[in-house]
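This one's a predicted model, so the numbers in the text were calculated from it and none came from an experiment. Each chain gets a letter, A, B and so on, in the order the sequences are listed, and its residues count up from 1.
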There are 2 protein chains.
Amino acid sequence: MKTTYTYNYEMPSVAVDCVIFGFVESGLKLLLIERNLEPYKGMYALPGGFVLPHETTEEAAQRELLEETGVQQVYMEQLYTFSQPNRDPRGRVITVTYFALVNPEHFNLQSGTDAAQARWFSYAQMPQLAFDHYQIVNKALERLRGKIKYQPIGFELLPRKFVLSQLQTLYEAILEMPLDKRNFRKKMLSSGLLLALEEKQTEVAHKPARYFEFDKERYEVLQQSGYNFEL
Amino acid sequence: MKTTYTYNYEMPSVAVDCVIFGFVESGLKLLLIERNLEPYKGMYALPGGFVLPHETTEEAAQRELLEETGVQQVYMEQLYTFSQPNRDPRGRVITVTYFALVNPEHFNLQSGTDAAQARWFSYAQMPQLAFDHYQIVNKALERLRGKIKYQPIGFELLPRKFVLSQLQTLYEAILEMPLDKRNFRKKMLSSGLLLALEEKQTEVAHKPARYFEFDKERYEVLQQSGYNFEL
DNA sequence: ACAAAAGTGTTCGGAATACACCCATGT
DNA sequence: ACATGGGTGTATTCCGAACACTTTTGT
């Protein structure tokens, strides 16, 4: 049941693009790919591609993410749909964008794969981007900042076990403001979403910190009963 | 520079659908249109249609809203993009949805126009809907409820001048919970976003209430300086 | 011993909540 | 005079913000 259709430049096609955030070297970074095809060959762009006939846009985003970076099973959420008629010089392309939070533990940019062309950039050091991707990144950042205040999504960016100061550094990086250590700990610990592990840091030149895990099951239970995480 | 591309599969087409909320007869209602074409002929559905080649999805939504209901210049916001491959029996249609808040003052369902087939329904009395429109309505309600707590969008649903009890009734209808009168007034008045008018109600069989206006300019100024409305 | 980050409590002010009666008008 | 919704103040509780010192480890 393969069919061939011809269409002229006026018909929209539908693509997806992903804004992938990672917390790398204590900073919030996003993943960009160097384009090796025209248009915008050689420029950096968001990972993405066209939606296939049998898949939802969500599935397309997951597939592209996997193909281009090797990452699977990440927190992903629909961001916004961009539809300026001239946003792609090849013709009318409407793009449904997603933002994803990846945990560096499950992630390695491997040479020899498609992901080899991918690099982490901080927002400040980001190069000029292809298409309207700069706009998309801005929208994603806005959403991430809004979201982190009332949903515990920060954990998606950290390794499974982490230390409270890492979590605080992450929040400070996203919100771009310093937070008070005692108040931050108080709020996090009292949320009941952190599972204290026995394990502590070793080989650090200071008092070793306790490791914690995010208690996802607990969060889901609490959510059912109308609980809402905040800050 | 017209180009022709060939694809091996059917390309999706792109539509828009609008969830239009109105505050009618002291209740939150949404506007549905009876379909007079197959598929789902005779069923109710959200107003919407296909995106034209030269317009953004936002423009398409505004245009459809105007064509089908005669309303212009309303608060409108992108909601979500739905892309289940089988959501439309005619073929692959991806729909970008919007939600809109209309002020009944600027709005009349006129017979003799396209809008004649439109009717207000409360969520509870809503008939079965065509396509996946029920899902879309649920998403819109969720968004409306989330949004009204931290953005002063309630005013978009009321006439230009209104009375505080109307505003409270509206909030109660959206949030589906009773609110304390004194606390509600305190918060609203202290927000600085309400402009007290000299005018009061007339011909009411009780103490006449003062009219207020939403001070939109003030809100925009406050927003610039980092202010955030809440509840 | 020193450097470096972990860990810990209390005070204060402002906001959220709960709550009940008098007022102005039309009938 | 009565019914109807408009309009008002206070006491209490809870939460966010500010703030400094001791502990544990490695070097």
Side-chain angles (χ1 to χ4, degrees), chain A residues 23 25-27 148-152 154 158-159 161-173 175-213 222 226-231, chain B residues 23 25-27 148-150 152 158-159 161-173 175-213 222 226-231:
Chain A
F23 189 59
E25 294 156 11
S26 298
I148 200 159
K149 286 181 210 155
Y150 62 94
Q151 281 190 22
L158 291 178
K161 59 184 188 184
F162 53 86
V163 131
L164 284 179
S165 59
Q166 285 178 282
L167 189 60
Q168 183 173 344
T169 307
L170 169 61
Y171 271 74
E172 291 176 336
L175 296 173
E176 291 187 308
M177 54 164 68
L179 299 173
D180 180 85
K181 182 166 55 154
R182 279 179 286 195
N183 294 336
F184 182 81
R185 297 179 143 250
K186 221 181 303 173
K187 216 178 304 183
M188 283 297 165
L189 292 171
S190 71
S191 76
L193 299 176
L194 294 184
L195 219 55
L197 303 181
E198 288 310 308
E199 195 179 352
K200 294 189 179 181
Q201 288 179 323
T202 53
E203 320 197 345
V204 288
H206 53 78
K207 179 169 174 180
R210 177 177 293 276
Y211 282 112
F212 290 85
E213 266 181 30
L222 288 175
Y227 167 83
N228 260 317
F229 175 82
E230 206 157 316
L231 202 149
Chain B
F23 189 59
E25 294 155 12
S26 297
I148 200 158
K149 286 181 211 153
Y150 63 92
L158 291 178
K161 58 183 189 184
F162 53 85
V163 130
L164 284 177
S165 59
Q166 286 179 281
L167 188 61
Q168 183 173 346
T169 306
L170 169 62
Y171 270 75
E172 290 176 336
L175 296 172
E176 289 186 311
M177 55 164 67
L179 300 173
D180 180 84
K181 182 165 55 154
R182 282 181 284 196
N183 295 336
F184 182 81
R185 298 181 143 248
K186 218 182 306 173
K187 215 177 306 183
M188 282 298 165
L189 292 171
S190 72
S191 76
L193 299 176
L194 293 185
L195 219 54
L197 303 181
E198 287 311 309
E199 195 179 351
K200 294 189 177 181
Q201 288 178 322
T202 54
E203 321 196 345
V204 288
H206 54 76
K207 179 170 173 179
R210 176 177 293 278
Y211 281 112
F212 289 85
E213 267 181 29
L222 287 175
Y227 166 84
N228 260 318
F229 175 83
E230 206 159 314
L231 201 144

Hey, mind stepping through A/F162 and A/L194 against side-chain contact (heavy atoms from CB on, under 4.5 Å) and telling me if it holds? CA-CA 10 Å; A/F162 53 86; A/L194 294 184; 3.8 Å; yes
- Task: Apply side-chain contact (heavy atoms from CB on, under 4.5 Å) to the pair A/Y150 and A/N228, showing each step before the final yes or no.
- Result: CA-CA 7 Å; A/Y150 62 94; A/N228 260 317; 5.9 Å; no
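- For B/K186, the listed nucleotide lying nearest its side chain is D/dG9; candidates were D/dG9, C/dG7, C/dC23.
- One atom, CG of B/N183, and another, C1' of D/dT10, lie 11 Å apart when rounded to the nearest Å.
- Atom-to-atom, CD of A/E230 to P of D/dC15 comes out at 11 Å; the value is rounded to the nearest Å.
- Each of A/V204 and B/Q201 has a nearest nucleotide on DNA chain D; the 5'-most of these lies closest to B/Q201.
- Closest of all the heavy-atom pairs between A/L193 and A/Y227 is CD1-OH, 4.2 Å.
- Taking for each of A/A205 and A/K200 the nucleotide of DNA chain C with the nearest heavy atom, the 5'-most of the two is the partner of A/A205.
- For B/R185 and D/dG7, the shortest distance from a side-chain N or O to OP1 or OP2 is below 4.0 Å.
- In the interface, the side chain of A/R182 is not paired with the base of C/dA6 through any donor and acceptor atom under 3.5 Å apart.
- Nearest nucleotide to the side chain of B/V163, out of D/dT23, D/dG6, C/dA16: D/dG6.
- As a whole-Å value, the separation of A/F184 CZ from C/dG7 P is 13 Å.
- In this structure, A/E203 atom CD and D/dT25 atom P are separated by 13 Å, rounded to whole Å.
- Here C/dA6 presents its C1' atom at 12 Å from CZ of A/R210, a figure rounded to the nearest Å.
- D/dC14 atom P lies 17 Å from atom NZ of A/K187, rounded to whole Å.
- Panel note: side chain A/E213, backbone A/L197; no donor-acceptor pair is recorded below 3.5 Å.
- Taking both residues in full, the closest heavy atoms of B/V163 and B/Q201 are given as CG2-NE2, 3.9 Å, listed atom of the first, atom of the second, then distance.
- In this structure, A/M177 places its CE atom 13 Å from C1' of D/dA17, rounding to the nearest Å.
- As rounded to whole Å, 7 Å separates atom C1' of C/dA5 from atom NZ of A/K181.
- Considering only side-chain atoms of B/P208, the nucleotide from D/dG7, C/dA5, C/dT25 that sits closest is C/dT25.
- In this structure, B/S165 reaches the D/dG6 phosphate: one of its side-chain N or O atoms is under 4.0 Å from OP1 or OP2.
- Closest to the side chain of A/H206, from the set C/dA4, D/dT8, C/dA24, is C/dA4.
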